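For the single chain, residues carry numbers from 1 onward in sequence order. What you are looking at is a predicted structure, and each value in this text was computed from that prediction instead of being measured.
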Amino acid sequence: MDLRRLGYFAVLAEELNFTRAARRLHIAQPALSQQIQALERQVGARLVVRESKGCSLTPVGVVVAEEAGRLLRQAEAAERRIQAAVHGRAGRLRLAYTRSARGGVVDALVSEFRSRYGDIELSVQTGWTAHNVAELRAGRLDAAFVRPPLDEAPELRYLVLSEEELLLALPAGHPLAGLRTRITREQIADEPVILFPRENGPGMYDLITRQVWPGGPRIVREEPDDEQLLLAVAAAHGISAVPAGRAHALRLPGVRLRHLSAPVPTVPLALAYHPGADLRVVNLLLPLVGGSGAGGPVTGGAAGGADRGAGSREDVPDQP
């Protein structure tokens with residue numbers, strides 16, 4: 001079908017007035033009438049009924065208006081993709097979120113990419129760091145948000161977006177939950193601990209346990225994600241350590257969040273990619289990392305936090 005005529009009819013279907021539609025289209029009203037009549041001949045049915053103060057659509061006209069809008073949007077999208085290819089910006093970015101970090105700097109980065117490169121198709125999934133790393137190594141992802149270090153995949157490269165403090169998650173009725181001073185590692189050394197399975201993110205798991213439970217945690221329960229983990233804490237099955245952003249975003253009743261004494265434990269959040277892959281689209285994303293408050297690559301080792309005294313008073317927002 002003639003896309004120009006469909007475009008004329010789409011405007012007329014919105015205005016339901018030949019004079020206003022012609023004005024919007026910057027053509028004469030008789031010319032618009034001729035184009036609509038030609039479209040009716042092509043369709044083989046009347047599309048509009050003229051009335052004293054405008055016009056209305058016939059049942060066939062309603063269907064044509066709906067399909068015209070759909071076809072015109074598809075044509076515009078095709079034109080954008082073609083122009084993107086002409087200017088070297090065509091493509092698709094296969095990106096994965098990590099379950100332990102949504103919102104904040106992650107959403108800001110993806111939003112900025114969408115805003116700048118709307119012609120690039122963005123295919124998004126969510127997985128634990130270990131899953132995202134495996135998908136990157138297999139070539140099924142172009143980039144992924146992960147929790148370093150990635151000792152199991154030395155060939156990958158990554159840029160750090162932020163360092164998040166680890167907060168101690170305690171049941172509301174726990175004796176330590178009411179303290180307003182930072183909690184020491186000695187105070188929680190023998191506490192029952194709830195964590196995610198190590199295979200979900202070996203680097204993050206080891207980083208957490210090394211910083212929070214240097215003598216080794218007494219694991220009593222494993223949960224697949226932060227929400228289930230915090231639900232188990234709320235049910236008083238144990239305590240845990242959770243990145244601050246995720247802990248505050250979930251805001252589960254029955255959970256109290258507290259700071260740990262110095263050295264303050266932290267975990268990095270990074271954007272990873274495979275340097276051996278096709279980086280034409282990834283190279284559009286990487287420069288935006290710097291604009292999202294990111295630092296350079298992690299060099300490994302425990303992430304150190306600010307040096308605060310073990311007994312300093314520290315008010316922490318409670319969960320509701």
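Of all the heavy atoms in Pro148 and Val146, the pair that sits closest is CD-O, 3.4 Å. Between Gly7 and Leu72, the closest heavy-atom pair is CA-CD1, 3.7 Å. Nearest heavy-atom pair across Tyr158 and Ala270 is CD1-CB, 3.7 Å. Minimum interatomic distance between Pro202 and Ala130 (heavy atoms only, all atoms of both residues): CD-CB, 4.3 Å. Summarising the geometry of Ala177 relative to Pro171, their closest heavy-atom pair is CB-O, 3.5 Å, with the distance given to 0.1 Å. In this structure, Ala169 and Val255 approach most closely via the heavy-atom pair CB-CG1, 4.1 Å.
Arg114 CZ to Leu122 CG: the interatomic distance, rounded to the nearest 0.5 Å, is 4.5 Å. Atom CG of Leu150 is separated from atom CD of Glu155 by 9.5 Å, given to the nearest 0.5 angstrom. Of the inter-residue distances, the one linking Arg221 atom CZ with Gln228 atom CD reads 8.5 Å to the nearest 0.5 angstrom. Taken to the nearest 0.5 Å, the CH2 atom of Trp213 stands 7.5 Å off from the CD1 atom of Ile208. Annotation: the span from Gln35 atom CD to Asp2 atom CG amounts to 7.0 Å, rounded to 0.5 Å. Here the straight-line distance linking atom CZ of Arg5 with atom CD of Gln37 works out to 11.0 Å at 0.5 Å rounding.
Contact check for Val64 versus Thr58: no side-chain heavy atoms found under the 4.5 Å cut-off. Two residues are said to be in side-chain contact when any heavy atoms from C-beta on lie closer than 4.5 Å; Val110 and Val124 fail this criterion. Counting heavy atoms from C-beta outward, Pro287 and Arg116 have side chains that stay 4.5 Å or more apart. Contact check for Ile120 versus Phe113: side-chain heavy atoms found under the 4.5 Å cut-off. Annotation: side chain of His237 is not in contact with side chain of Pro192 (no heavy-atom distance under 4.5 Å). Using a 4.5 Å cut-off on side-chain heavy atoms (C-beta onward), Val264 and His259 make no contact. Phe18 is listed as a side-chain neighbour of Val48, based on a closest heavy-atom distance under 4.5 Å. Leu285 has its side chain within reach of Leu109: a pair of non-hydrogen atoms, C-beta onward, lies under 4.5 Å apart.
For the pair Glu14 and Arg24, the salt-bridge criterion is met [side-chain N within less than 4.0 Å of a carboxylate O]. A salt bridge links Arg70 with Glu67; the closest basic N to acidic carboxylate O contact falls under 4.0 Å.
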| Between Glu15 and Arg23, does a salt bridge (Lys or Arg N to Asp or Glu O under 4.0 Å) hold up when you go through it step by step? | CA-CA 10 Å; Glu15 295 292 342; Arg23 188 179 302 122; over 6 Å; no
| query | So Val106 and Thr98, side chain to side chain contact (heavy atoms under 4.5 Å, CB included) or not? Walk me through it. | reply | CA-CA 10 Å; Val106 171; Thr98 178; over 6 Å; no
| field | Ile239/Val233 under side chain to side chain contact (heavy atoms under 4.5 Å, CB included): CA gap, chis, key distance, verdict | value | CA-CA 6 Å; Ile239 69 172; Val233 171; 5.7 Å; no
| How far apart are the C-alpha atoms of Arg94 and Arg92, what are their side-chain angles, what is the distance that settles it, and do they pass the side chain to side chain contact (heavy atoms under 4.5 Å, CB included) test? | CA-CA 6 Å; Arg94 299 168 300 171; Arg92 178 170 66 131; 3.7 Å; yes
| said: Quick one, Leu260 with Arg185, criterion side chain to side chain contact (heavy atoms under 4.5 Å, CB included). Give me CA distance, side-chain angles, the key distance, then yes/no. | reply: CA-CA 7 Å; Leu260 278 161; Arg185 285 144 180 87; 4.3 Å; yes
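Although no hydrogens or angles enter the test, the distance criterion places a donor-acceptor pair under 3.5 Å between the side chain of Arg258 and the main chain of Leu179. Listed for the Glu223 side chain is no donor-acceptor partner under 3.5 Å among the backbone atoms of Leu230. With hydrogens and angles ignored, the 3.5 Å screen pairs a side-chain donor or acceptor of Glu40 with a backbone N or O of Leu47. The main-chain N or O of Ile194 is found under 3.5 Å from a side-chain atom of Ser240 such that the two form a donor-acceptor pair. Side-chain N or O atoms of Gln211 include one that pairs as donor or acceptor with a backbone N or O of Leu207 at under 3.5 Å. Proximity of a side-chain donor or acceptor of Asn132 to a complementary backbone N or O of Phe145 within less than 3.5 Å is detected. With hydrogens and angles disregarded, no donor-acceptor distance shorter than 3.5 Å links the side chain of Arg99 to the backbone of Gly127. Formation of a donor-acceptor pair under 3.5 Å by the Trp128 side chain with backbone atoms of Pro224 is found in this model. Of the possible donor and acceptor atoms, one in the side chain of Thr209 sits under 3.5 Å from a partner among the backbone N and O of Tyr205. Judged by distance alone, with hydrogens and angles left aside, the side-chain atoms of Asp142 form no donor-acceptor pair with the main-chain N or O of Leu95 at under 3.5 Å.
Follow the hydrophobic side-chain contacts under 4.5 Å out from Val63 and you never reach Leu3; the two are in separate clusters. The hydrophobic cluster containing Phe9 also contains Ile27, counting ILVMFWY residues as joined when their side-chain heavy atoms lie under 4.5 angstrom apart, directly or transitively. The hydrophobic clustering, which links ILVMFWY residues whose side-chain heavy atoms are closer than 4.5 Å, places Val11 and Val49 apart.
Defined by atom type and a distance below 3.5 Å, a donor-acceptor pair is present between the side-chain atoms of Ser100 and Arg147.
Applying the side-chain contact (heavy atoms from CB on, under 4.5 Å) test to Arg246 and every residue at least two apart in sequence or in another chain returns Asp226, Val242, Leu250.
No more than 12 heavy atoms of other residues, nucleotides or ligands sit less than 6.0 Å from atom CG of Asp190. More than 12 heavy-atom neighbours from other residues, nucleotides or ligands sit within 6.0 angstrom of CZ on Arg140.
Applying the side chain to side chain contact (heavy atoms under 4.5 Å, CB included) test between Leu12 and each of Leu25, Ile36, Asn17, Leu39 identifies Ile36 as the sole match.
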